[in-house]
> 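A single structure is presented below for examination.
Numbers restart at 1 for each chain; the letters A, B, ... are given by sequence-line order, proteins then strands. Keep in mind the model is a prediction, meaning the values are calculated, not measured. Atom set for the values below is all heavy atoms of this structure, side chains included, hydrogens, waters and symmetry mates excluded.
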Amino acid sequence: ILGGKSARRGSFPWQALTGIHGRGGGALLGDRWILTAAHTIFPKGALENNVSLDQLAEEANVFLGHTKVEELHRMGNHPVRRIFIHPDYNPKDEHSFNGDIALLELKYPVSLGPTVLPICLPDTTNTTFYADGRMGYVSGFGVEKNFISNDLKYVRLPAVAREKCQSWLDSKKRDIPVVFSENMFCAGFLTVKQDTCQGDSGSVFTVLDTASGRWVATGIVSWGIGCAEGYGFYTKILNYLDWIKGIVGED
Amino acid sequence: SSQVPRKLFGEIRSPSYPKPYPNNNISIWDIHVPEGYVVKLTFRYFDLEPSESCFYDYVKIKADKKNLGRYCGRLGSTTGNHPGRKNFVSKGNKMHLAFHSDFSNEDNGTVIPYKGFLAYYQAVDLDECDPNNAAEEDERPHCQHFCHNYVGGYFCSCQAGYQLQGDHHSCKAQCSSELFTEASGYLSSPAYPQPYPEDLRCNYSIRLQKGLSVSLKFLEPFEIDDHQQVHCPYDQLKIQARGREIGEFCGKESPGSIETNSNEVDILFLTDESGFSRGWKIRYTSEKIRCPQPVPRDQFTIIRDLQPLYQFQDYFVVSCKTGYNLMEGNQKLLSFTAVCQADGTWHRSMPRCEIVNCGNPTDLTNGAFRYVNQSANNNYQSEITYRCNEPYYHIVTGTGGDRFTCSAEGTWVDQDGQVRIPACLPVCGKPVNPITELER
């Protein structure tokens, strides 16, 4: 997290620290599911993507319940029973992060408390969460000023209108085009140095639903061109509710 | 003198008959018929010299050591003693006939030819049973109880309950193995209400089918030899039921009614060598043996259709009030029936009813329950409510709510009778320290 602040314990109780292919983040759903980005499990262009999901589940590390990495490690790993990767995600396609969403089922349900609580999912009818300028918060254990963070940080970012995202993307004139699909949204600033970065992938973009008073996950940290050099791109959770509910159930 | 052979009939003639009999003749005939008969003699023809008191010629008849007469003369003679058609009957089976003729039969110098006599005898059956036919006055009756005459003899028999003894005359009470198998009846001492015989060893056995109980009722009069100081030293009436002595009785006071509670009863009556008591008589009846009235062990026990009386083969069914289990020892029963046995006991003891216990309520993951009622136990009708560990979980119940009651079936159920407990689901999006921006 660039340009952010240190999170207090209990402010982002859904935040998970993952260690599958390097550091990543995730969010607790219910009491036994971790929502994260698919590419934290199957990185784009990685050679060892032939490993089975069962194997990866066996080896995955998931930590919950603290804002300090060291404390998280001390508190112990939450074993993973199964991994579900969205079928649209293609690790071999380095141009597209479409379908960059995954679910980890923990072997044992976690006991909820002040420092471990789930995030809500958005209502299927509510699209205002993605309106231009809608403020949200992202937390993560990712890189901050070129150093990977040992504490949970958070930053407040506005969602950005699709046209702006596309327009900015088009202006970057990259040699390798990157797809901005409808299953994504972008957020952040063009000039303010506040953004998410490597190591934050899988963490969730959350907004406060003032009607219900609940924090809702609207996006998953997915990709960007550098860090704090423009907008960041997030998987649009609203488009994947059916897939999520199909796996975790209606609870 | 001649012994007349034992024939059933015969003829006796004076010497030379029908020619005149000789003078100075004594002829004797001893008529002997078989035992069981008497002799009946009749003169068909009688013509002897008549004389005063038959001094000269005569026929003398004797039987049973008695003279039956001295006869002489001829029909129409003014002196003498003509037998005519008289039947001479002995009491025994012998008759003695003696003929005597003197030295002449002259009457005023004229010899009168007297022809003598012709007599017939026959054996006539003696009715030994007729006391008038006793040979001697002090002769005892031929039979002690019943006499039955037949031609040439007789035999004796006895009253019911008596046995003819070896002398074929006397009767002794037969009561050593009397068996009674009817549902009711009478039994008494021999000859009741006449004095009972001496030296009795009577044994009356009542044997009925299992499950019946014999009741004895003594009738009046009741009289058994006794002693004022010593209990029943002479004669005793003992009553036993199934080998167990119920009592020993004597005296003049009736024992009244006795309930034996047994289907096997023995009555022993022992008498000594003397006494003049009238004895006893019992009417016995039987009914199905009774079992004790069933009584519930507690206030939760229900005896279905309780009857005022329970007898052999009757049964009763027990259940419990709602919320209570039938228990026999440590075993829970689905039902209970007890049958009255042949010995008057129930084949099972009364069970008890224990309050249903639902056991500990199911623990609620991420929640807890608490008892609503003060007693805080798991018994029937106890109540609990579930709640979740708020604010991190919220409770999701069925339509029956979060209150559960211990049911009569032994399960915790909600208001709709469902056993499924609520669930505690995570509360999302409610951090305890939400981000609040101060700087603007």
> Surrounding CG of A/Asp242 (heavy atoms of other residues, nucleotides or ligands, distance under 6.0 Å), is the total greater than 12?
no
> Pick from B/Asn366, B/Thr365, B/Leu425: which one makes a side chain to side chain contact (heavy atoms under 4.5 Å, CB included) with A/Asp31?
B/Asn366
> Looking at B/Pro431, B/Ala423, B/Pro391, B/Pro434, which one has more heavy-atom pairs under 4.5 Å with chain A than the rest?
B/Pro431
> First locate atom SG of B/Cys428, then atom CG of A/Leu28, and finally report the distance between them rounded to the nearest 0.5 Å.
10.0 Å
> Just verifying a value: how many Å separate B/Ile435 CD1 and A/Arg8 CZ, rounded to the nearest 0.5 Å?
7.5 Å
> Around A/Glu71, counting heavy atoms of other residues, nucleotides and ligands shown, do more than 12 lie under 6.0 Å from its CD?
yes
> Where does A/Ser212 contact chain B at under 4.5 Å (heavy atoms): side chain, backbone, both or neither?
backbone
> Quick check on the interface: out of A/Cys120, A/Pro109, A/Ala217, who has the most heavy-atom pairs with chain B under 4.5 Å?
A/Cys120
> Would the number of heavy atoms belonging to other residues, nucleotides or ligands and lying under 6.0 Å from CZ of B/Arg207 be above 12?
yes
> Looking at B/Arg387, I want to see if its CZ is surrounded by more than 12 non-hydrogen atoms of other residues, nucleotides or ligands under 6.0 Å.
no
> Nearest heavy-atom pair of B/Pro426 and A/Pro118: which atoms, and what distance?
CB-CG, 3.5 Å
> Over all heavy atoms of both residues, which pair between A/Leu117 and B/Lys430 is shortest? Give the atoms and the distance, please.
CD1-O, 3.2 Å
> Would you confirm whether B/Tyr393, through its side chain, and A/Leu112, through its main-chain N or O, come within 3.5 Å as a donor-acceptor pair?
yes
> Identify which part of A/Val207 has an atom lying under 4.5 Å from any heavy atom of chain B, answering side chain, backbone, both or neither.
neither
> Heavy-atom cut-off 4.5 Å, strictly under: side chain, backbone, both or neither for A/Arg156 against chain B?
side chain
> Please check if atom NZ in A/Lys193 has more than 12 non-hydrogen atoms from other residues, nucleotides or ligands closer than 6.0 Å.
yes
> Taking all non-hydrogen atoms of both residues into account, name the closest pair between A/Arg214 and B/Val427 and its distance.
NH1-CG1, 3.5 Å
> Would you say OH of B/Tyr371 has more than 12 non-hydrogen atoms from neighbouring residues, nucleotides or ligands within 6.0 angstrom?
yes
> Of the non-hydrogen atoms in B/Tyr392 and A/Pro114, which two are nearest, and what is the gap between them?
OH-CG, 3.1 Å
> Count the heavy atoms belonging to other residues, nucleotides or ligands that lie under 6.0 Å from NZ of A/Lys68, then report whether that count exceeds 12.
no
